[in-house]
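It should be emphasised that the depicted structure is a prediction, and the values quoted were computed from it without experimental measurement. Quick note: numbers below take in every heavy atom, side chains included, and nothing from hydrogens, waters or symmetry partners. Order of the sequence lines fixes the chain letters, A, B, ..., with proteins taken first and strands second; residue numbering starts at 1 for each chain.
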2 protein chains.
Amino acid sequence: MSATRLLLLGTVRIFQPVHGYFVRRELLSWQADAWANLNPGSVYNGLRSLARDGFMEEVGTETEGGRPARTTYRLTGDGENEFLRLLRESLWMVARFEPDELMAGWSFAWALTRKEVIAALESRVEQIEASARAAVFAIEAIATQPDMPDTVAEHYRLGQARLDGEAAWARQLLERLRAGEYWFDGEPDPPWSSQPPGGARTLHGTAG
Amino acid sequence: MSATRLLLLGTVRIFQPVHGYFVRRELLSWQADAWANLNPGSVYNGLRSLARDGFMEEVGTETEGGRPARTTYRLTGDGENEFLRLLRESLWMVARFEPDELMAGWSFAWALTRKEVIAALESRVEQIEASARAAVFAIEAIATQPDMPDTVAEHYRLGQARLDGEAAWARQLLERLRAGEYWFDGEPDPPWSSQPPGGARTLHGTAG
DNA sequence: ACGTGATTATTCATGTTTGACTATCGCGTA
DNA sequence: TACGCGATAGTCAAACATGAATAATCACGT
């Protein structure tokens, strides 16, 4: 499971009704292409696939001037539920080898309450601490099994080391969230009540 | 680019001539399916694709008893070069969002010399330290750009935190490598001079 | 007035990944 | 000896991802 679906649902949710090119431009302006699959084909096919599954619906296909026709989308009720489901999954579940999941999840964490995001991050820290205790025994077991290459022990150590890094980030962020940093759902004065969100105005980032 | 190609090249290199089912069973016994794409289709298609590119060649297609015919492969000269190229790439290059690359690389690091692996890990630590210094300025810049969502700053922090975890692992492993842990190419007494490598004897791990 | 290059908006051939499915053999057990 | 389960060995349709290509428009300089 890639983070692309969550990114598409989340971005359409913010800007709807919106067309594929806009969604992609916005995500590139977040530099999300560094960690997610955002080639044109992935975005356009992802939108069509979400529409096929009933999570989005085509609003229309407008042709402005002589430019290519553009298909605009918006979320359905199911799409809103799917968005929240994927968002919670990405924040509450520790996906050991899918770094893009948490990246995508954090991008839309503000769609949940501060209370829930704090609880999710606390849960992640606990899961990672538990994983560290378990890894000790898994590594011991590897030495025992005669046919297991000993290099596999380092896979556990490296996997855990990266999780430890993530936990350090989470602890640090938790402090800042408790101190009031960032805006979350249900709080007054959203940052774009006066200034709507929107990233680069061009694909090559020559904004301005 | 996924780690599957390197895993297939490296595994065929050890056991050649070898057929797809054996390769897959071996990789599953390393628990590599936790972090790499090793579904049947990925393995069999990956082997065919490597053969198409001239990195492997079919040795034959034997039918033993009434079982399905099995196609056995071995590396070509180009395949050996491609293996070493991908291996070096995976060990020397820091791929920020592809944790499977280093996992796969370490699995076959013993095919290089201890000296080179130590140099590669030292280089990784330096790259990660440089990345940490750069991240400070990238995060500053985000606050400046009006259209960039502030959540993006956490993407830098999280990405760097995970790299910091990796660097901690690398420093720790470097100490152990300098102390002589693990066997590497060119050193006497390889661990399977008497005991050939080989993982679980069955797919479900009921080795005995 | 005209060329140049970036932007808009998307398609599509190709390649990779998924995981359900086929079909046979061998072994333990009731 | 009949039964069933797991191991063996792989195929295939469908889904997902890649990135070059298309083709019109617009901004800008000369």
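Taking atom CG of B:Leu47 as the reference point, atom P of C:dT17 lies 12 Å away to the nearest angstrom. With rounding to whole Å, B:Leu28 atom CG is found 11 Å from D:dT8 atom P. Between the P atom of D:dC16 and the OH atom of A:Tyr44 lies a distance of 18 Å, rounded to the nearest Å. What separates CZ of B:Arg5 from P of D:dA17 is a distance of 19 Å, to the nearest Å. In this entry the distance linking CD of A:Glu58 with P of C:dT10 reads 10 Å, nearest Å. Regarding B:Asn37, its CG atom lies at a distance of 4 Å from the P atom of C:dT18, rounded to whole Å. Whole-Å rounding puts the B:His19 NE2 to D:dT11 P distance at 13 Å. Rounded to a whole Å, the CG atom of B:Leu8 is 11 Å from the P atom of C:dT16.
The closest side-chain donor-acceptor pair between A:Trp92 and A:Glu116 falls under 3.5 angstrom.
Side-chain contact between B:Glu166 and B:Pro99: absent, with no pair of heavy atoms (C-beta onward) separated by less than 4.5 Å.
Residues passing the side chain to side chain contact (heavy atoms under 4.5 Å, CB included) test with A:Glu122, sequence neighbours excluded: A:Ile118, A:Leu174, A:Arg178. Judged as a side chain to side chain contact (heavy atoms under 4.5 Å, CB included), and not counting sequence neighbours, the contacts of A:Ala95 are A:Glu98, A:Glu101.
Residue A:Gly41 is the one, among B:Pro40 and A:Gly41, whose nearest nucleotide of DNA chain C lies closer to the 5' end (criterion: closest heavy atom).
An OP1 or OP2 oxygen of C:dT16 is reached within less than 4.0 angstrom by no side-chain nitrogen or oxygen of B:Ser42. In this model, the phosphate group of D:dG19 is approached by a side-chain N or O of A:Asn39 to a distance below 4.0 Å at OP1 or OP2. Side-chain N/O atoms of A:Ser2 include one lying less than 4.0 angstrom from OP1 or OP2 on D:dA17. The phosphate of D:dG10 has neither OP1 nor OP2 within less than 4.0 Å of any side-chain N or O from B:Tyr21. Proximity of A:Arg25 to the phosphate of C:dT8: a side-chain N or O atom is located under 4.0 Å from OP1 or OP2.
Taking every heavy atom of residues 48-56 of chain B and every atom of DNA chain C, pairs under 4.0 Å involve B:Ser49, B:Arg52, by number.
Salt-bridge annotation for B:Glu89 and B:Arg85: present, with a side-chain N of the basic residue lying under 4.0 Å from a carboxylate O of the acidic one.
Pairing each heavy atom of B:Arg124 with each of B:Met93, the nearest pair is NH1-O, 3.0 Å. Minimum interatomic distance between A:Met148 and B:Trp30 (heavy atoms only, all atoms of both residues): SD-CA, 4.2 Å.
A:Gly20 comes within 4.0 angstrom of the backbone, heavy atoms only, and of no base. Contacts of B:Asn45 with the nucleic acid, taken as non-hydrogen atoms under 4.0 Å apart, include base atoms.
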